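Structure, as structure tokens:
Here is the naming used below: chain letters follow the sequence lines, and residue numbers restart at 1 for every chain. Because the structure is predicted, anything quoted here is derived from the model rather than measured.
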Amino acid sequence: MDALGKVRRTHDNNSLTAADAGREVVLTGWAQRRRDHGGVIFVDLRDREGITQIVFNPERDPAVHEKAKAIRGEYVLGVRGIVSLRPEGMENPNLETGAVEVLVSELWIFNTATTPPFMIEDQLEVSESLRLQYRWLDLRRPRMVRNMTVRHKASRFVREFLNEHGFLEMETPFLTKSTPEGARDYLVPSRVNPGLFYALPQSPQLFKQLLMMAGYERYYQVVRCFRDEDLRADRQPEFTQIDMEMSFVGEEDIMDLSERMIAGLFDAVLGVTVPLPFQRITYETAMDLYGSDKPDLRFGLPLCDVTDIVAKSGFKVFAEAALRGGIVKALNAKGASELSRKDLDDLTRFVSVYGAKGLAWIKVKEKDWQSPIAKFFSDDEKAALSQKIGMEQGDLVFFVADTKKVVNEALGHLRLQMAERMKLIEDECFAFAWVTEFPLMEYDETEKRNVALHHPFTAPMDEDLALLESEPARVRSRAYDMVLNGTEIGGGSIRIHQRPMQEKIFSALSIEPSEAEEKFGFLLSALASGAPPHGGLAFGFDRLIAILCGEKSIRDVIAFPKTQKAACLMTQAPSPVSALQLTELSLRVSRPE
RNA sequence: GGGGGCGUAGUACAGUUGGUUAGUACGCCGGCCUGUCACGCCGGAGGUCGCGAGUUCGAGUCUCGUCGCUCCCGCCA
């Protein structure tokens, strides 16, 4: 084993070209692969940047060649040698450095390596749990290096953009106060205050508002947030937000700045030109047309409300849904009438997940409809349906009848499913949109009260203020979500900046004045002491990077992510702690049997 | 909390109706090979079939439980 000593590389492994031929260079890196021909030995030397082929020739230097026989996969090497053009016909077009190779005159083996449990290459077939267990090896794979590099470039671009637009990057506490609304908090026990707890922030929401009240005008932070809820492919217990807030602005200012930032980011990272401004769509329209508040606009397939047409029909399922205040909507899968009975059964099971009790369908054939429900409709009803839905020969039309919520959930997801099946989604297509005019609150059946849809500090729309007491569910908010390809990548709002309004909203959310004072007293006090009009936005950085990288899971753009059970397979966190630690924290653990 | 999928050499998989010695590929080790780049050829080692019970003359295979990974529902302002 050789010491590093004064050995320093002159180039990384992605930079040598034909122009460097004849130069003496020093390279360092990992042995990706060794090809021993008995005589000459080739080694692919890999680092973060790429691969360079190094050559050991016994005729050139027998001692070095002998030493090179010991090289195995992932050994850490340094070499000194002469850059040389490869013999004609021996160039490797797959490598950036494929025109040249380095003829080694000196070899240092800085470290050996155990045989890795999986190969360090992109086209690997290995379970994710093994990758997570040996994450330091997984992170050596070029694709992961690429993902981490994109992440770095993105955060760097965002910082520079916001810096140039007068924003201050400011930090906010991680040890903070548990608040009643929203997600479950991660709690941290306080040793010096026995029995009391901090909460890790779900977002720096209140702090950034307080910074506006403190007069900082423009704030941002690339910040970790924590939510103790169950995980998904796009949800981790700790995740990163680009958090920003501005004073003396309205919705348009924030949306305009944000979309220019995102367009700049896509240009800087992917070289993709994103047309501005983004499409705007109201919550109501999004739900009507796409059954979702984060519609995927890369394709059409809009939903169609047919409640009026079928309300009086002989098909009881539809008529009764309408009678009970529900709705009936249709999804026209253009040209999909060739789906088999089994496909339709599968899709029925697919929508049942979202609470749909059934999935009616009509195949539009040459002369008539092929459908189990066609017989229930009069000729007039058929004509009206056909016209409203735009039914043409070869179409397959789905229907769901239920409450508004179930119908939209079921058909909204069916729409995505069908688009995938019908291959309607182009690669490299980025459909951005703003969704606006969200409801301010909605009734929560389990809590038996109104809860904020966004958060309780979101301002209501002025024109809906009159409804606040009479019909609170109809009050729209000054919130906006940025949606990309069916993923919510950011969201924000204009905030309440006057104490009486904030108290009114707390009251509408059934938060008692005493509780409001206890939990948010500092906010109420600050609102009364010269709070400027303000608003902001937070981007889900991990989701954004996953889309930029073309990854399905945000785990692939986080260096050390957690599993679905919120565990780190590498460190084995979470883990038990000593009795002493618990005693110091005044904690006793009771575990259910 | 609930539903689906997966779990067999280091890795990815195959394994028939429950049947006697659990295979294949890659990787690994050894030998040969002076222009490969997924080098090639020859040989070899390597298995708690996730774990635990049960059924059976006999379980990788069937049953139950359990653990882990994953996708989804609930949840995630």
Side-chain angles (χ1 to χ4, degrees), chain A residues 32-45 51-60 65 72-74 84 86-95 97-98 101 103 114-134 137 179-185 202-203 205-206 225-237 239 349-355 409-410 413 417 438-442 444-447 450-458 477 479 481 488 491-493 505 509 511 538 540 552-553 555 562-565 567 569:
Chain A
Q32 171 76 12
R33 210 179 283 276
R34 174 188 59 118
R35 290 175 294 278
D36 184 344
H37 287 253
V40 69
I41 297 173
F42 300 98
V43 172
D44 293 333
L45 193 66
I51 282 177
T52 301
Q53 174 166 281
I54 57 180
V55 187
F56 299 91
N57 193 317
E59 287 171 4
R60 194 180 171 83
H65 175 262
R72 294 291 181 275
E74 300 309 306
S84 163
R86 293 192 183 192
E88 208 174 320
M90 297 300 159
E91 299 87 357
N92 185 345
N94 299 320
L95 293 183
T97 60
E101 57 195 4
L103 308 179
T114 51
T115 302
F118 52 85
M119 281 176 284
I120 311 302
E121 57 189 28
D122 280 343
Q123 58 279 18
L124 89 175
E125 289 172 341
V126 60
S127 71
E128 192 173 2
S129 45
L130 203 71
R131 290 175 52 201
L132 292 177
Q133 189 185 341
Y134 296 92
L137 297 178
T179 52
E181 302 281 297
R184 204 175 284 121
D185 286 320
Q202 298 173 24
S203 83
Q205 182 60 37
L206 287 171
C225 302
F226 306 85
R227 293 179 191 173
D228 187 5
E229 296 293 346
D230 287 344
L231 279 56
R232 290 285 190 282
D234 62 352
R235 285 181 357 210
Q236 283 275 303
F239 60 98
R349 212 170 308 122
F350 175 81
V351 295
S352 74
V353 168
Y354 306 99
E409 290 262 316
H413 282 96
Q417 176 75 15
F438 280 81
L440 186 66
M441 51 186 93
E442 63 182 352
D444 185 310
E445 290 294 341
T446 48
E447 293 196 40
N450 287 313
V451 297
L453 202 76
H454 191 55
H455 56 56
F457 320 110
T458 300
S477 72
D481 277 1
E488 181 205 324
S493 62
I505 298 298
L509 295 170
I511 299 173
K552 283 208 171 69
S553 163
R555 290 187 299 274
K562 298 203 169 32
T563 68
Q564 199 163 41
K565 284 238 167 72
L569 295 182

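- One finds no side-chain N or O of A/R227 lying less than 4.0 angstrom from the OP1 or OP2 phosphate oxygen of B/C75.
- For B/C75, its base sits under 3.5 Å from the side chain of A/R235 at one donor and acceptor pair at least.
- Closest approach of A/S477 to A/P439, counting heavy atoms only: OG-O, 4.1 Å.
- Counting atom types as modelled, A/R232 pairs a side-chain N or O with a base atom of B/G74 as donor and acceptor under 3.5 Å.
- Between the side chain of A/E91 and the base of B/G35 there is no donor-acceptor pair of N/O atoms closer than 3.5 Å.
- Both A/Q202 and A/L103 lie close to RNA chain B; mapped to their nearest nucleotides by heavy-atom distance, the more 5′-ward contact belongs to A/L103.
- At whole-Å resolution of the value, CG in A/L231 and P in B/G2 are 18 Å apart.
- Phosphate proximity of B/U36 to A/R86: absent, as no side-chain N or O sits under 4.0 Å from OP1 or OP2.
- When atom types are taken as modelled, the side chain of A/T52 and the backbone of A/L45 share no donor-acceptor pair closer than 3.5 angstrom.
- Distances shorter than 4.0 Å separate some side-chain N or O of A/T563 from OP1 or OP2 on B/C69.
- Rounded to an integer number of Å, the gap from A/Q564 CD to B/G1 C1' is 14 Å.
- Heavy atoms of A/P116 sit nowhere under 4.0 angstrom from any nucleic acid atom.
- The existence of a salt bridge linking A/D44 and A/R35 is confirmed by a sub-4.0 Å separation between a basic side-chain nitrogen and an acidic carboxylate oxygen.
- Residue-level contact check: A/T458 touches neither bases nor backbone, having no heavy atom under 4.0 Å from any strand.
- B/U20 and B/A59 have their P atoms separated by 12 Å, given to the nearest Å.
- Where stacking is scored as ring centres under 5.5 Å apart with planes under 30°, A/F42 registers as stacked on the base of B/U36.
- At a threshold of 4.5 Å between non-hydrogen side-chain atoms, the residues A/R227 and A/S203 count as touching.
- When all heavy atoms are compared, the tightest approach of A/R33 to A/E121 is NH2-OE1, 3.1 Å.
- The CG atom of A/N92 sits 7 Å away from the P atom of B/A38 (whole-angstrom rounding).
- For A/E229 and B/C75, the CD to C1' distance is 5 Å, given to the nearest whole Å.
- A/D228 comes within contact range of no nucleotide atom at all, as no heavy-atom separation falls under 4.0 Å.
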